[in-house]
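See below for the structure under consideration.
Lettering of chains follows the sequences in order, A, B, ..., and the numbering in each one begins at 1.
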Amino acid sequence: MDFLRPVTWEQALAYKAERPEATPIQGGTDVMVEINLDKGRPAALLDLNPVAELTRWSTEGTEIRVGAGVTYTRLIAELGPLLPGLAQASRTVGSPQIRNRGTVAGNLGAASPAGDAHPPLLASGAIVEAESVRGTRMIPITEFYTGVKRNALRPDELIRAVRIPAAAGPQYFSKIGTRNAMVIAVCSFAVALHPGERRVGTGIGSAAPTPRRAPEAEEFVAAALDWEGRSPLDPGAARRFGELVAGAAAPIDDVRGRADYRLHSLAVMARRTLGWAWNDYTGRGPA
Amino acid sequence: MTAIVRRSGGNPTNAPDGGLCLALSDMGSSEATLSSAIRTETTFTVNGRRVQMELDPRESLLDVLRERLGLTGTKKGCDHGQCGACTVHLDGRRIVSCLTPAVQVNGQAVTTIEGVAAPDGTLHPLQEAFIDNDALQCGYCTPGQVMSGLACIAEGHAGDDDEIREYLSGNLCRCGAYAGILAAVRETARRTDSRVGEG
């Protein structure tokens with residue numbers, strides 16, 4: 001197995017063009033599990049750690065551009081106010097040790113339906129900045145996940161950054177697991193209110209072949225909410241929102257949970273997170 | 001892919017200056033097999049000592065520490081990041097060494113449990129606190145618990161019991177010495193706090 005150690009982004013792209021079969025590696029918290037358990041043996045590893053520019057994030061207009069090397073630990077510490085949904089999800093990733101190494105871009109590269117970063121990225125409407133020697137592609141998050149552990153990246157492309165709209169309203173993330181740490185989600189859910197557009201974003205994790213939104217639930221609740229008057233959330237509407245979210249999922253029975261349990265818990269998480277977000281929104285009140 | 005002898009000798013020898021160095025000549029007869037595999041030159045420090053070795057990219061930092069450098073204080077529990085027994089510090093931050101390819105730590109500083117006590121053998125206050133609070137039974141998870149506990153305190157995540165529990169959640173103890181571990185970290189964090197300002 002070859003180990004490719006580029007120092008600049010241009011070198012990284014050149015390596016990937018030359019060796020499209022190379023597996024990019026950031027913290028290694030996913031790639032190394034496969035190697036240690038001998039589940040897969042990449043032909044080559046492309047280490048993106050030395051590429052310093054990837055460890056930066058910046059604000060570009062209303063968007064936060066998070067470099068592919070920004071760890072979950074830094075995301076929690078530095079981006080909580082700007083990206084609360086993603087920061088909450090990050091806090092549930094693995095352990096402090098894992099969060100010191102793991103990255104959102106690594107989650108995207110692996111494209112596991114259970115990845116914790118996916119639901120908030122969907123709820124916010126993130127864009128994946130993919131690049132190759134041929135140029136840059138901005139891939140909307142809804143088009144990024146193409147199957148179980150499959151994504152829309154072409155063989156010579158690398159993820160350079162993820163572009164996420166800064167929160168314009170309350171955001172929440174919720175996750176079901178057997179304990180409060182170190183768990184792969186049984187299922188998870190994220191909600192983001194976009195009051196300016198009178199829109200609600202959703203993201204479902206670990207309850208379908210890919211992470212996905214719940215478009216019907218989004219449309220229903222956006223119309224049901226009293227954005228102007230900010231009156232309390234109607235319990236019936238919240239329940240209906242939960243049902244529609246569950247209806248958008250397509251879970252399976254597996255070692256972590258049964259399909260019917262996933263559907264039930266998704267409906268509960270959707271109802272509750274919407275309630276928390278709406279309380280925040282109405283509690284803010286007009287200035 | 002050509003078969004590679006994963007752990008092909010290369011045992012550490014003690015250099016005359018007491019530093020660790022890898023005897024590359026020990027690889028001996030497997031050299032022919034290895035010539036078809038790419039071995040990557042990697043230089044880093046372990047507990048302040050410089051190490052330079054040629055590594056197979058699949059070798060985890062954990063395996064290199066234990067099997068090539070003889071630093072067996074760092075334990076292998078699960079080998080996939082779930083138990084925390086292999087926790088070490090990389091440039092001051094705690095990581096699980098089982099999920100870190102050793103070639104990735106090129107140019108960086110690794111601290112293991114062997115580097116925690118003072119050179120004269122005086123234990124670190126957290127190690128003393130583990131003893132005082134009976135924070136172990138079998139002791140297998142202890143090196144990882146100590147490395148994680150040190151980081152938890154240094155990060156400022158030892159403010160109260162709930163916070164300590166959350167920030168030690170990546171370290172499992174199947175003997176169930178959690179109450180003692182919590183007490184040891186709490187006690188050491190308070191002492192460290194009271195020393196703030198003394199440099």
Taking [Y]'s backbone N and O only, do any of them form a donor-acceptor pair with [X]'s side chain (distance below 3.5 Å, no angle check)?
| X | Y | answer |
| --- | --- | --- |
| B:E59 | B:P101 | no |
| A:K39 | A:N36 | no |
| B:T122 | B:A118 | no |
| B:N133 | B:A129 | yes |

Answer key: most heavy-atom pairs under 4.5 Å with chain A among B:T87, B:N106, B:L172 is B:N106

Near A:R65 CZ, under 6.0 Å, is it more than 12 heavy atoms from other residues, nucleotides or ligands? yes

Enclosure of A:R91 CZ (heavy-atom neighbours >12, cutoff 6.0 Å): no

Applying a criterion of heavy atom separation less than 4.5 Å, what residues of residues 178-188 of chain A form contacts with chain B? A:R179, A:A181, A:M182

Residues 5-19 of chain A: residues contacting chain B (heavy atom under 4.5 Å, by number): A:R5

Contact origin within B:L90 toward chain A - heavy atom pairs under 4.5 Å: side chain

B:T100, part contacting chain A, at a heavy-atom distance under 4.5 Å: both

Is any side-chain heavy atom of A:D254 closer than 4.5 Å to one of A:R262? yes

Side chain, backbone, both or neither: which part of A:N100 has a heavy atom under 4.5 Å from chain B? both

Is a side-chain donor-acceptor pair under 3.5 Å present for A:Y172 with A:D280? yes

Donor-acceptor side-chain pairing of B:N171 and B:Q145 below 3.5 angstrom: no

Begin with the C-alpha distance, continue with both residues' side-chain angles, and end with the deciding distance and a verdict on salt bridge (charged side-chain N to carboxylate O under 4.0 Å, His left out) for A:E53 and A:R160. CA-CA 9 Å; A:E53 69 143 86; A:R160 187 171 197 174; 2.8 Å; yes

Nearest-0.5 Å distance, CZ of residue A:F144 to NE2 of residue A:H118: 8.5 Å

